[in-house]
Amino acid sequence: MQLEKAKETKQDMERCRLLAQRIAEELAPATAAVLNAETPALEKALHRAGVDANPFTVAARQADLLVVEDPAWVEMPAQLPGQVLLVFTGSNVAEGWAEELARRGYYRDFRWRSRGRAQQSALYCTVQPATAEMIAGYEKELDLLRDRMVRAERTCNEEAALIERLRSDLSLSRSHAKNLEKTLNEVTSSTFWKLTWPMRYVVSKSRQIWHTFPLFVLLGELRRDGISGVREHARARREYAALFPGNLLRADRFAPVELLVRQANDQPAGPKISIVVPLYNTPLDFLDEMLDSVVNQTYKNWELCCVDAGKDEAVGQHVQARAKADARIRYQKLEKNELIPGNTNKGFEMATGEYIALLDHDDLLHPCALWYAARAIAEQKADFVYTDEATFEGKPEHVVLYHFKPDFMLDNLRSNNYICHLTVFSRALMERAGGGERMEYNGSQDYELFLRLTEQAEKIVHIPHALYYWRSSPGSTAADISAKTYCIDAGIAALKAHYARCGIAVDDVSLIPGTPGYYKTDYTIEHPGRVSILIPTCDHIRDLELCVDSIYARTTYPDFELILIENNSKQPETFRAYERMQKEHPDNLKVVTWEGKGFNYSALNNFGEQYATGEYLLLLNNDTEVITPNWLEEMVMYAQQKRVGCVGAKLLYPDDTIQHAGIGFGIGGVAGHLHKYFPAASDGYMGRLNYVQDVYGDTAACLLIRREIYDEMNGLDESYAVAFNDVDFCVRVREAGYTNVFTPFAQLYHYESKSRGTEDNPEKQKRFQGEVLRFQARWGDLLAAGDPCTNPNFDIQREDFTLKILPLE
């Protein structure tokens with residue numbers, strides 16, 4: 001409840017900030033009086049925006065602007081300034097005030113419109129507009145209300161249809177379950193079933209004996225592997241018994257004996273790795289399993305540094321007893337508990353290895369974890385290594401969640417601590433990054449450390465195997481980070497410190513609502529620039545009108561232009577609509593005509609770019625509809641960054657399922673849309689539908705890029721007329737050294753491919769296959785390497801993050 005209240009307060013402050021900025025920029029009052037402010041948020045925001053704002057008093061009646069805030073009717077002052085701004089926060093007082101203001105000779109100024117996340121507001125002034133302008137203004141307001149009502153009704157109808165489908169599915173499922181149960185009862189109660197019970201029992205026991213009786217097992221191995229294979233298995237088992245002494249947690253529960261022995265006999269030329277474990281009243285069975293998981297490592301050049309801040313003496317006695325059997329285990333009792341950051345730093349001081357690994361006291365290492373890390377260090381000169389991880393309940397075989405991560409992706413890390421465990425890094429890197437963990441970030445101390453380490457790392461290597469096992473228990477971060485709300489505040493502070501070190505200006509860092517541990521960064525838009533929106537279009541004028549109207553009605557970004565690229569339209573109403581649109585928006589809408597034949601999306605956009613005047617280009621389909629008013633701000637804040645190339649948005653089908661949330665490279669042999677058909681409200685795999693992340697590519701149905709990069713790439717490749725032109729473009733952008741980004745905070749509907757149709761005839765299918773083969777020939781090496789923005793443990797034939805776990809080699 002407290003977290004929700006803080007979130008609401010923060011949202012109110014943000015709305016006030018945006019409104020104050022608009023007031024300062026568009027109305028530019030030197031002074032302002034605020035009437036009936038329940039909280040001083042707007043007044044303070046106006047001060048920060050450079051406006052001398054004060055509560056309305058007798059002395060403040062000569063202000064340039066009067067701002068009247070909800071939620072209650074107040075008596076209108078006798079003297080009013082030339083401009084009055086009504087702000088609606090909770091209730092609606094517009095009607096009463098508008099009537100009184102009209103009697104005093106004030107008129108609605110329709111040039112001022114409520115936008116985006118700012119508070120709803122209406123401006124009145126004493127200058128009388130023309131009658132036609134007044135009528136047009138009111139009609140436009142009514143159009144907006146009608147549009148909202150239509151959208152609300154459509155959403156209600158879709159939700160009702162969805163509920164009806166779910167009810168129908170549930171009814172069918174129940175009916176099917178009853179039929180199955182009835183059939184099962186008929187079978188089990190039949191005379192034949194009862195008479196054959198002895199036979200079935202004998203068959204079942206025979207199978208069990210065949211798979212467990214030593215002689216039969218040996219015969220099975222001989223048939224499968226031959227005599228040499230059986231001998232190799234026997235040798236490996238003998239060596240395993242000597243190499244892996246852990247008893248409570250055996251290493252062969254995680255990997256085949258042959259693999260374990262092979263790695264143990266093939267040691268990488270890696271450094272000593274010091275595993276730091278802060279202990280605190282650790283349950284002894286958890287402690288034993290953790291110690292076994294370290295002792296059972298196939299890589300042997302390690303030490304375990306246990307620092308104990310707990311009060312349970314049995315823990316220390318247990319570790320010291322194990323240390324007598326293995327000198328690589330070290331133990332230090334701490335004089336006082338300095339929380340996880342301080343205790344971990346004591347472990348760093350205790351460590352003698354060149355590299356350090358972090359392990360929680362109740363978690364487990366896969367037996368191969370350090371071997372893979374040491375190999376990455378020895379062969380790739382890595383100074384920062386991390387692996388995938390698994391969360392288990394009870395026994396490690398009971399994995400409830402696999403977290404398969406991308407390679408190092410900066411925007412992912414700025415959104416959440418996806419690196420987490422297992423992490424191995426060099427001591428030299430830690431010293432270069434400013435030392436160990438910091439007390440002021442307690443709760444997100446690892447996140448803060450990883451941000452500093454990755455800022456300075458020379459070689460970051462990701463090992464795509466689940467080699468760290470989190471134990472999920474009530475109150476643990478593995479189970480639910482919201483159980484530790486202080487972690488969230490520490491994470492936000494860590495990110496702000498990271499941006500300060502990197503010299504990156506940000507307006508705010510906040511928790512993404514409903515997703516503890518995931519953060520949103522609002523970068524300061526230092527290079528606002530004009531956005532030239534390129535929309536190829538051919539007839540289907542209703543789709544285009546919906547697209548254009550939604551842009552003008554909802555977009556809060558102040559500087560954009562629309563370039564409609566006419567492509568062989570036939571219907572007279574299309575050209576009448578063009579004329580009407582140009583008259584309505586003479587300053588920032590133009591229609592240009594492409595003289596080519598057929599449909600070539602690449603050529604159309606390359607042609608339209610010649611007429612653009614903006615610093616940014618937005619490729620946009622004509623069958624889209626803007627949902628989030630600040631969509632361009634959300635995209636420009638990334639496109640302005642020199643390291644970023646393409647920026648894509650979250651696109652939804654009309655039934656509110658995902659159409660685009662980033663492109664996965666190599667899916668289906670070419671590329672596919674990640675999370676396609678997932679519900680819009682879904683978190684996606686590991687929350688990926690909620691946060692900004694690096695992706696291999698974005699669809700050109702809505703793609704923003706700096707014009708200088710578009711020109712550097714020589715635009716879209718016109719040999720890809722319809723399909724894969726955007727994927728090819730994104731690959732070329734990546735190969736040029738830029739990062740492609742997906743943001744879920746810019747959302748549009750996409751009525752996919754309405755205007756160009758589907759691949760429904762032999763000619764189109766032949767063209768599509770030709771584009772597939774051309775793409776595969778051009779990017780074959782990269783396709784074979786896989787998509788570093790996802791993970792090789794996902795099924796490459798699917799877009800839904802279905803697991804297809806790779807075996808250890």
I'd like to know if Arg734 and Asp694 make a salt bridge, using a cut-off of under 4.0 Å between side-chain N and carboxylate O. no
Using 0.5 Å steps for rounding, measure from the CD1 atom of Ile658 to the NE2 atom of His673. 11.5 Å
Where the side chain of [X] meets the backbone of [Y], is there a donor-acceptor pair that is under 3.5 Å apart?
X	Y	result
Ser444	Cys487	yes
Tyr499	Thr521	no
Gln640	Glu526	yes
Gln456	Arg452	no
Asn725	Tyr720	yes
Ser602	Asp717	yes

Quick check: [Y] with [X] (ring centres under 6.0 Å apart)?
X	Y	answer
Phe794	Tyr685	yes
Tyr677	Tyr653	yes
Tyr710	Phe729	yes
Phe254	Tyr469	yes

Looking at side-chain heavy atoms only, is the closest gap between [X] and [Y] below 4.5 Å?
X	Y	answer
Met686	Leu401	yes
Tyr696	Asp787	yes
Tyr372	Glu809	yes
Glu634	Lys520	yes
Leu413	Leu451	yes

Does the side chain to side chain donor-acceptor pair (under 3.5 Å) test come out yes or no for Arg414 and Tyr523, once each step is laid out? CA-CA 12 Å; Arg414 287 175 173 175; Tyr523 293 91; 3.2 Å; yes
Applying side chain to side chain donor-acceptor pair (under 3.5 Å) between Asp388 and each of His462, Lys405, His403, report the one that passes. His462
With side chain to side chain donor-acceptor pair (under 3.5 Å) as the criterion, how do Glu633 and Thr556 come out once you've worked through the C-alpha distance, each side chain's angles and the decisive distance to 0.1 Å? CA-CA 8 Å; Glu633 288 92 337; Thr556 58; 2.6 Å; yes
From the list Phe560, Tyr616, Trp631, side chain to side chain contact (heavy atoms under 4.5 Å, CB included) with Val636 holds only for Tyr616
Run through Ile705, Asp728, Val733 and flag the one making a side chain to side chain contact (heavy atoms under 4.5 Å, CB included) with Met713. Val733
Are Asp656 and Tyr749 close enough that a side-chain donor and a side-chain acceptor fall under 3.5 Å? yes
From the options Tyr447, Tyr418, Tyr691, select the one residue that forms a ring-ring contact (aromatic ring centres under 6.0 Å, His included) with Tyr518. Tyr691
Report the C-alpha separation of Tyr751 and Glu625 in whole Å, then their side-chain angles, then the decisive distance to 0.1 Å, and conclude whether the side chain to side chain donor-acceptor pair (under 3.5 Å) test is met. CA-CA 8 Å; Tyr751 309 96; Glu625 177 187 359; 2.6 Å; yes
Could you label the plane-to-plane angle of the Phe404 and Tyr402 rings as parallel, tilted or perpendicular, counting under 30° as parallel and over 60° as perpendicular? parallel
Parallel, tilted or perpendicular: rings of Phe775 and Phe665 (30°, 60°): perpendicular
Could you check Asp543 against Asn622 for side chain to side chain donor-acceptor pair (under 3.5 Å), going step by step and ending with a plain yes or no? CA-CA 6 Å; Asp543 295 332; Asn622 64 340; 5.9 Å; no
